[in-house]
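Take a look at the structure below.
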Amino acid sequence: MTDVRDAVLPDGRRILFRPILPADKAMLQEGLTQLSDQTRYLRFFSPIDHFTESQLRYLTEIDYKDHFAWVAVLPDEVGTPGVGVARWIRLKDRPDLAEGAVVVVDQMQNNGVGQTLLWLAARSAIERGIKAFQVWTLGDNRPVHHLLEGLGAQPVASEAGTQEFLVPLPDDPDDLDGTPAPLVLRAVAEGRVSVAQVDAPKIRLD
């Protein structure tokens, strides 16, 4: 399994990034309470206030091959709270593609947590044969469409008021920083682009 990454936040606090574990169910449930009503609605498309046991099993008991998730935790705070999650899930009919999602608790947004989680998710996807991420935007958001196309994302299809793009990934994770992918992922982390997630509570970045 991919190793743990240790980093420092702009305010000096230590933060750890690691793969999610089955024991993280309570942490995910608690993390949901740290999202504002607006954030919950924007990310889950409904006023969700808790995960069911089935959802918690799905989100934490993963195979790290076709379904991978990274979590960000604060190891020096009481209870080692989780502050963010990014995951990707391989498409059953297109095993070289993946859909993903990211969510960061409100108080930790705009600190680079989402961007780091997505960068780690991209590396783990490349290591497992994923060639591209699917990215969705609102269908009438022309400025974002031009941004994505300028960064190398490829428009694929549109439906129900949304536009799908493919974000190509390099064959080697060490080549990731030399491709447009990190710039696209930064736009995702900053909330300018949405990333869809399959077979799980729907998440959208605002």
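As the structure is a computational prediction, the values presented were derived from the model and not from experiment. We use all heavy atoms of the structure for the numbers below, so side chains are in, but hydrogens, waters and symmetry mates are not.
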Checklist line | Step-by-step side chain to side chain contact (heavy atoms under 4.5 Å, CB included) determination, W119 to R5 | finding: CA-CA 12 Å; W119 184 82; R5 305 297 181 96; 3.7 Å; yes

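- Here the closest heavy-atom approach between residue A86 and residue A121 is recorded as CB-CB, 4.4 Å.
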Next item on the list: Quick one: do R13 and D76 satisfy side chain to side chain contact (heavy atoms under 4.5 Å, CB included)? Show the steps, please.
Entry: CA-CA 8 Å; R13 286 182 295 172; D76 300 327; over 6 Å; no

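- Taking CG from L91 and CG from D66, the interatomic distance works out to 10.5 Å, rounded to the nearest 0.5 Å.
- Considering every non-hydrogen atom in both L28 and T60, the closest pair reads CD1-CG2, 3.6 Å.
- With rounding to the nearest 0.5 Å, the separation of CD in Q55 from CG in L32 is 9.5 Å.
- Annotation for Y58 and H67: closest pair O-CE1, 3.3 Å, computed over non-hydrogen atoms.
- Remark: the W70 side chain and the T116 side chain contain no N/O donor-acceptor pair separated by less than 3.5 Å.
- Once rounded to the nearest 0.5 Å, the distance linking CG of L166 with NZ of K131 reads 14.0 Å.
- The two residues A125 and L169 have their closest heavy-atom pair at CB-CD1, 4.4 Å.
- The minimum heavy-atom distance linking R14 with L74 is given by the pair O-CD2, 3.7 Å.
- Taken from CZ in R128 to OH in Y64, the straight-line distance is 10.0 Å, to the nearest 0.5 Å.
- Note on residues 54-65: pairs passing salt bridge (Lys or Arg N to Asp or Glu O under 4.0 Å), not counting sequence neighbours, are K25-E61.
- Judged by distance alone, the side chain of D106 and the main-chain N or O of S36 form a donor-acceptor pair under 3.5 Å.
- Across R123 and D174, no two heavy atoms sit closer than the pair NH2-OD1, 3.2 Å.
- In terms of the salt bridge (Lys or Arg N to Asp or Glu O under 4.0 Å) criterion, D172 has no residue partners (sequence neighbours excluded).
- At distances below 3.5 Å, at least one donor-acceptor pair connects side-chain atoms of Q109 with backbone N or O atoms of V104.
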Checklist line | L21/V71 under side chain to side chain contact (heavy atoms under 4.5 Å, CB included): CA gap, chis, key distance, verdict | finding: CA-CA 9 Å; L21 299 170; V71 295; over 6 Å; no

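- Atoms CD1 and CZ, on I62 and R87 in that order, are 6.5 Å from each other to the nearest 0.5 Å.
- For the residue pair Q34/Q107, the side-chain donor-acceptor check at 3.5 Å is not satisfied.
- Atom CZ of R18 is separated from atom CG of D24 by 4.0 Å, given to the nearest 0.5 angstrom.
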